[in-house]
Number of protein chains: 2
Amino acid sequence: MNIKEASEKTGVSSAAIRYYEKESLIPAIDRTPVGNRDIDDRIIRRIRFVTQMRAAGMSIENLRRYIELFDAQEDNTKEQKSLLKEQLAVMEEKRDDLQAAIDHLNYKLNHFYDHMETTEAELRALEKEHADKVDHQEETPDDGV
Amino acid sequence: MNIKEASEKTGVSSAAIRYYEKESLIPAIDRTPVGNRDIDDRIIRRIRFVTQMRAAGMSIENLRRYIELFDAQEDNTKEQKSLLKEQLAVMEEKRDDLQAAIDHLNYKLNHFYDHMETTEAELRALEKEHADKVDHQEETPDDGV
DNA sequence: TTAAACCTTCATGTACGCTTCAAGGCAAGG
DNA sequence: CCTTGCCTTGAAGCGTACATGAAGGTTTAA
């Protein structure tokens with residue numbers, strides 16, 4: 001399939017696919033006799049993997065390091081594992097930060113007064129109450145906003 | 001406290017604090033007679049809030065919209081709630097994407113052979129088995145990388 | 001009084017991750 | 001033959017979120 005079809009299939013722009021190839025996030029793509037890219041399912045799978053990891057916040061650079069290790073045929077198992085673990089730790093921390101922010105916003109949402117007469121001081125008090133409840137006190141609670 | 005101390009206290013660079021003020025992510029900061037910023041705990045709390053939301057992937061632009069609504073004294077409750085809900089939805093999706101990627105990497109990690117003799121085909125089979133197990137099959141499984 | 005160590009504003013630079021543009025080639029249809 | 005529509009490469013442009021540098025002011029301490 002040509003690059004446009006691959007783009008439609010994956011939701012990744014043609015330019016981005018070329019960019020991924022240039023950055024070695026996906027393997028070198030086969031060409032037709034006239035030099036056009038001829039994309040198969042293996043490439044599609046790689047593009048999807050890249051998309052998933054990018055969505056999870058993995059940088060192009062880290063993704064390239066990771067993929068290089070896999071593509072090298074030497075026994076890189078240890079390095080691969082430690083790279084995987086590293087990345088997992090980063091992503092888990094990210095997820096937890098995200099969850100904390102979600103909790104924070106949910107709390108705000110659930111304590112909205114219908115006519116919003118709450119003062120900053122009251123909101124701070126509410127925050128404090130919450131902080132105590134979830135045992136996650138900050139040195140300085142936030143400002144009601 | 002001066003901007004350097006605030007920077008040390010929050011882990012946010014002085015330049016970034018000035019930038020946040022200029023972008024109205026934090027309120028206008030009081031000045032000393034000579035024009036230096038004099039930062040109090042209220043500002044520190046705002047900076048921390050900004051930091052948390054930034055870490056959760058909220059853009060400067062959305063954060064500014066959100067804070068503007070709060071700082072305006074009109075009754076914006078409805079808009080505030082819907083903005084909050086919008087942002088929550090974005091963050092929850094982000095969290096779920098992240099979790100999916102974590103699951104994916106964890107799976108890879110747990111199926112590593114100690115001497116990595118696995119072929120691509122075997123890896124694909126493993127992926128498939130996993131996909132079946134968690135009932136999250138992709139149209140095209142990824143490529144073992 | 002002179003240097004260090006802060007601060008200010010304003011302008012420009014930087015990194016990332018693409019997107020868009022320019023210039024051109026190939027193949028099919030009218 | 002010419003337009004349409006796909007493709008190619010390389011280079012330049014762009015938005016975000018700051019970082020850095022220039023030019024200058026103030027306070028403290030030797």
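Residue numbers start from 1 in every chain, and the chains themselves are labelled A, B, ... in the order their sequence lines are given, proteins ahead of strands.
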Are [X] and [Y] packed together at the side-chain level, in the sense that at least one heavy-atom pair is separated by less than 4.5 angstrom?
X	Y	answer
A/Arg46	A/Leu25	no
A/Gln99	A/Ile102	yes
B/Leu105	A/Met91	yes
A/Ile43	A/Arg48	no

> Once you round it to whole Å, what is the distance between P of D/dT4 and NZ of A/Lys4?
Replying inline: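 It works out to 15 Å between those atoms.
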> Quick one: B/Lys22 NZ to D/dT16 P, roughly how many Å, whole number?
Replying inline: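 From B/Lys22 NZ to D/dT16 P: 14 Å.
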From the set [options], return the single nucleotide nearest to any side-chain atom of [X].
X	options	result
B/Ser59	D/dA17, C/dT9, C/dC18	D/dA17
A/Arg54	C/dC6, C/dC18, D/dC7	C/dC18
A/Ser13	C/dT19, D/dA17, C/dC18	C/dT19
A/Arg18	D/dT8, D/dA19, C/dC18	D/dT8
B/Asn36	C/dC18, D/dC7, C/dC7	C/dC7

According to a strict under-4.0 Å criterion, is [X] in side-chain N/O contact with OP1 or OP2 of [N]?
X	N	value
B/Asn2	C/dC6	no
B/Arg37	C/dC7	no
B/Tyr20	D/dC18	yes
A/Arg31	C/dC26	no

>> Can you work out whether A/Ala15 or A/Val34 has the more 5'-proximal nearest nucleotide on DNA chain C?
In response: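 Checking each residue's closest nucleotide, the 5'-ward one belongs to A/Ala15.
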